[in-house]
Amino acid sequence: MNRTNGLLTILTQIKALRHTQQLHANVIVHGLEEEVVLGSSLTNSYIQSNRLDLATASFDRIPPRKRNRYSWNTILSGYSKSKNHCESLRLYNRMRRECDGVVDSFNLVFAIKACVGLGVLENGVLIHGLAMKNGLDKDAYVAPSLVEMYGEFGRMEDAQKVFDEITLRSSVLWGVLMKGEAGLGVDNALTLICLVKACGNVFAGKEGKSVHGLSIRRGFIDQSGYLQASVVDMYVKCRLLDNAREMFETSVDKNVVMWTTLVSGFAKCERAVEAFDLFRQMLRESVLPNQCTLAAVLVSCSSLGSQRHGRSVHGYMIRNEIEMDAVNFTSFIDMYARCGNIQMARKVFDTMPERNVISWSSMINAFGINGSSGFHSGNIKEGRKQFASMTSDYGIAPEEEHYACMVDLLGRAGEVGEAKSFIDNMPVKPMASAWGALLNACRIHKNVDLAEEIAEKLLAMGSNESSVYVLLSNIYADAGMWEMVNSVRSKMGMKGYTKPMGLSAIECIVFINAQVVEIVVPELEEMRAAHVVSIGSVALRSLTPYCEAGKNSKLSYDTRTSFAIFRSFSASDYISSQCIRRRLMEYHLYIFKNVDVIVTPTTGNRFVKQNSQLLHFWTANLLGFPAISVPVGYDKEGLPIGLQIMGRPWAEATVLGLAAAVEELAPVTKKPAVFHDVLNTNRVHTDLPEK
């Protein structure tokens, strides 16, 4: 047994034919040729080497009484792969004579393919009957083969019967049915429309492309606007948005349905910038949007965090007297909440003629989102009121999402203990969403002990382990518990939750030969303002204890001026800056679809000017992208000139690899008079003469 297992292990690792033959000889020498597992594995190895003759010889050495389903399926797969259909069918009949109970979905498929290859429908019908006898005619492998067989023989009625008996229809099953229909010849656009819709309904993008190509070749695509709209809808459902837009651009009759389909597709796939651009283009071409179009646009506004865009849509609906449905109202609530305007979200909620579970969820979630905006007590009170009103006034039983919203609301406001008590007293078993909201509150308020308890619960529930570990690691890091951070990261490494950090020499060569592409980043001034508000608010909060009466004299005039400006920022300003941050994040992620890194030149600033001028790392600081600045020389005033390299999220390896390549190409040997060695913080280098 040990020798057999050892040989099997070696057999799985070798690829060359001569090595397989050497191992086969070893099997014969040790008298193991009758072992069915070894014989079947050797047969498979010969098949992979395209030596069907040796595979057959290996199979024949297995005693007939020991051959099982696996060994028969192995040799059948070899003959089916080589398209030796006659021998496949002969072997199949021999298998049924020599071995009882070996019929399964795999060898049935081989037999059906052989019947199609030989053009013998009568045998195929017999195989179909055998499949029905063994209860395998609806099998996920057998059913598509039967549909394909009948389609090949032009028996589409029989193919349709097999298809109709399948409850859960896969994309493969739809594909073979459409292949049969197309093989008979499509003589009208209506058939193609049905096929395209079928592809969209089962997200069969590959088959949908084939039908689209067929419609082009037959000349139907230019004759039917409805077929064009169906193709666009199919591509959107299959998340092939670029194909959808290409089809859309070539369409002559771009009606509101087609516009709405495309806008909705881009919005749902989190390509909000493109969705809103399409909406603007729609209005420029004087196409009036409907309620569905506006609902899709509002999803984009929420994703971007752009209240300006959302207000413009709201105003458009009011000016044009477009009646809003529950979806529109709920979308406005969500949009205003995500943009930090809780008062407007509540105003929209109050004007709703009829409220459902979704609208209540959105309103409660709105208070949760804005729980840390500076109005904690008011939002908690209002959130509790709305939560209680659901049941007492409207008879709507809270669901998992409502409980999670309340936990999030309490947690963000600092009421972590009350949030924990709320979960403990829930009438239903707490789900991962509620515990996750509480874990996030522990991160915000640095409650390590409770975070550890919650993390254990989430891991025991089978929640997303990587997310739990990452959040727990961040909690430890915020608390300065670096040993625990390393412990958590070690666990993540053992479980495979790691990201690549190394680069090969080949990748560095690719960087040197990189293609330069010009890009445009919109709303730069808005980003500058958002950065100042974000950094200023955080800095003021951290340094307030050092700015009390009598301590200001220790601060420079420039710093005191900056702090005076920072004190004018309100909580609403901070939320607005985060909304801009979200919008700019969308812009940059869109840019990173076409480029690997963004490289910008940096020039030296005098230190006294840095508080009033734009810092070099403001984009990376605000958006959290990995970035590094590499010195490449000095200007006339002796100030350093460099290149800032910014990459997409988790692209530290790419950024460091390119930085290393730049340093090698443009080495800078000159160092400042005083500099710190970041790898040796206890040592300060200085070339200044002692005074």
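None of the values given here were measured: they were computed from a predicted structure. Residues take their numbers from the sequence shown, with the count starting at 1.
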Novice: Are Phe387 and Phe422 an aromatic pair by the rule of ring centers under 6.0 Å?
Specialist: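 Ring-ring flag for Phe387/Phe422: true, centres closer than 6.0 Å.
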Novice: Between His212 and Arg217, do the side chains contain an N or O donor and an N or O acceptor separated by less than 3.5 Å?
Specialist: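 Side chains of His212 and Arg217: no pair found under 3.5 Å.
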Novice: Any donor-acceptor pair under 3.5 Å linking the side chain of Asp408 with the backbone of Leu438?
Specialist: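 Checked: no pair found.
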Novice: Any carboxylate oxygen within less than 4.0 angstrom of a Lys/Arg side-chain nitrogen, looking at Asp242 and Arg271?
Specialist: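 Yes, Asp242 and Arg271 are salt-bridged.
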Novice: Apply side chain to side chain donor-acceptor pair (under 3.5 Å) to Gln160 and Asp164, showing your working.
Specialist: CA-CA 6 Å; Gln160 190 69 49; Asp164 291 340; 2.9 Å; yes
Novice: Counting N and O atoms only, with roles assigned by atom type, does the side chain of Lys138 sit under 3.5 Å from a partner on the main chain of Gly135, one being a donor and the other an acceptor?
Specialist: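 No, because the side chain of Lys138 does not come within donor-acceptor range (under 3.5 Å) of the backbone of Gly135.
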Novice: With under 30° as parallel and over 60° as perpendicular, where do the rings of His588 and Phe625 fit, or are they tilted in between?
Specialist: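 Taking Phe625 first and then His588, their aromatic rings sit tilted (interplane angle of 30° to 60°).
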Novice: Evaluate the criterion side-chain contact (heavy atoms from CB on, under 4.5 Å) for residue pair Val116 and Glu148; output intermediate values, then yes/no.
Specialist: CA-CA 9 Å; Val116 173; Glu148 185 176 24; over 6 Å; no
Novice: Just by distance, do the side chain of Glu321 and the backbone of Met317 share a donor-acceptor pair under 3.5 Å?
Specialist: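 Not confirmed, Glu321 side chain does not pair with Met317 backbone.
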Novice: Between Glu165 and Lys161 (salt bridge meaning N to carboxylate O under 4.0 Å), is one present in this structure?
Specialist: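 Lys161 and Glu165: not salt-bridged.
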Novice: Quick one: are Val273 and Phe266 in side-chain contact, heavy atoms under 4.5 Å?
Specialist: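 Of all side-chain heavy-atom pairs linking Phe266 with Val273, none is under 4.5 Å.
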Novice: Surrounding CD of Glu285 (heavy atoms of other residues, nucleotides or ligands, distance under 6.0 Å), is the total greater than 12?
Specialist: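 More than 12 within 6.0 Å, yes.
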Novice: Check the orientation of Trp259 and Phe248. Use parallel for under 30°, tilted for 30 to 60°, and perpendicular for over 60°.
Specialist: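 Rings of Trp259 and Phe248: perpendicular, over 60°.
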Novice: Quick one: does Thr250's side chain have a donor or acceptor within less than 3.5 Å of a partner on Met247's backbone?
Specialist: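 Such a contact is found between Thr250 side chain and Met247 backbone.
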Novice: Check step by step if side-chain contact (heavy atoms from CB on, under 4.5 Å) holds for Val162 and Asp137.
Specialist: CA-CA 8 Å; Val162 176; Asp137 57 315; over 6 Å; no
Novice: Can you name the residues that form a side-chain hydrogen bond (donor to acceptor under 3.5 Å, both in side chains) with Ser331, not counting sequence neighbours?
Specialist: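 Expected list: none.
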Novice: Quick one: does Val211's side chain get under 4.5 Å of Cys199's, heavy atoms only?
Specialist: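 When only atoms from C-beta onward are counted, Cys199 and Val211 do touch, with a gap below 4.5 Å.
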Novice: Walk me through it: do Lys197 and Asp233 pass the test salt bridge (Lys or Arg N to Asp or Glu O under 4.0 Å)?
Specialist: CA-CA 8 Å; Lys197 285 185 173 293; Asp233 181 64; 5.1 Å; no
Novice: Only one of Arg311, His314, Arg346 forms a side-chain hydrogen bond (donor to acceptor under 3.5 Å, both in side chains) with Tyr336, so which one is it?
Specialist: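 Testing each of Arg311, His314, Arg346 against Tyr336, the sole residue satisfying side-chain hydrogen bond (donor to acceptor under 3.5 Å, both in side chains) is His314.
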Novice: Any sub-3.5 Å donor-acceptor pair from Thr293's side-chain atoms to Asn290's backbone N or O?
Specialist: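 Between the backbone of Asn290 and the side chain of Thr293 there is a qualifying donor-acceptor contact (under 3.5 Å).
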Novice: Can you check whether Tyr141's main-chain N or O pairs, donor with acceptor, with Asp139's side chain at less than 3.5 Å?
Specialist: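 Between the backbone of Tyr141 and the side chain of Asp139 there is a qualifying donor-acceptor contact (under 3.5 Å).
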Novice: Within the structure provided, determine whether Val256 and Met282 are in side-chain contact (heavy-atom separation under 4.5 Å).
Specialist: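 With C-beta onward as the side chain, the pair touches.
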Novice: Going by an N to O cut-off under 4.0 Å, is there a salt bridge joining Asp350 and Lys347?
Specialist: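 No, Asp350 and Lys347 are not salt-bridged.
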Novice: Could you please spell out the steps behind the side-chain contact (heavy atoms from CB on, under 4.5 Å) verdict for Thr260 and Phe279?
Specialist: CA-CA 9 Å; Thr260 301; Phe279 178 67; over 6 Å; no
Novice: Ignoring hydrogens and angles, tell me if any N or O in the side chain of Asn320 forms a donor-acceptor pair with the backbone of Tyr316 under 3.5 Å.
Specialist: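 Side chain of Asn320 to backbone of Tyr316, a donor-acceptor pair under 3.5 Å: yes, one is there.
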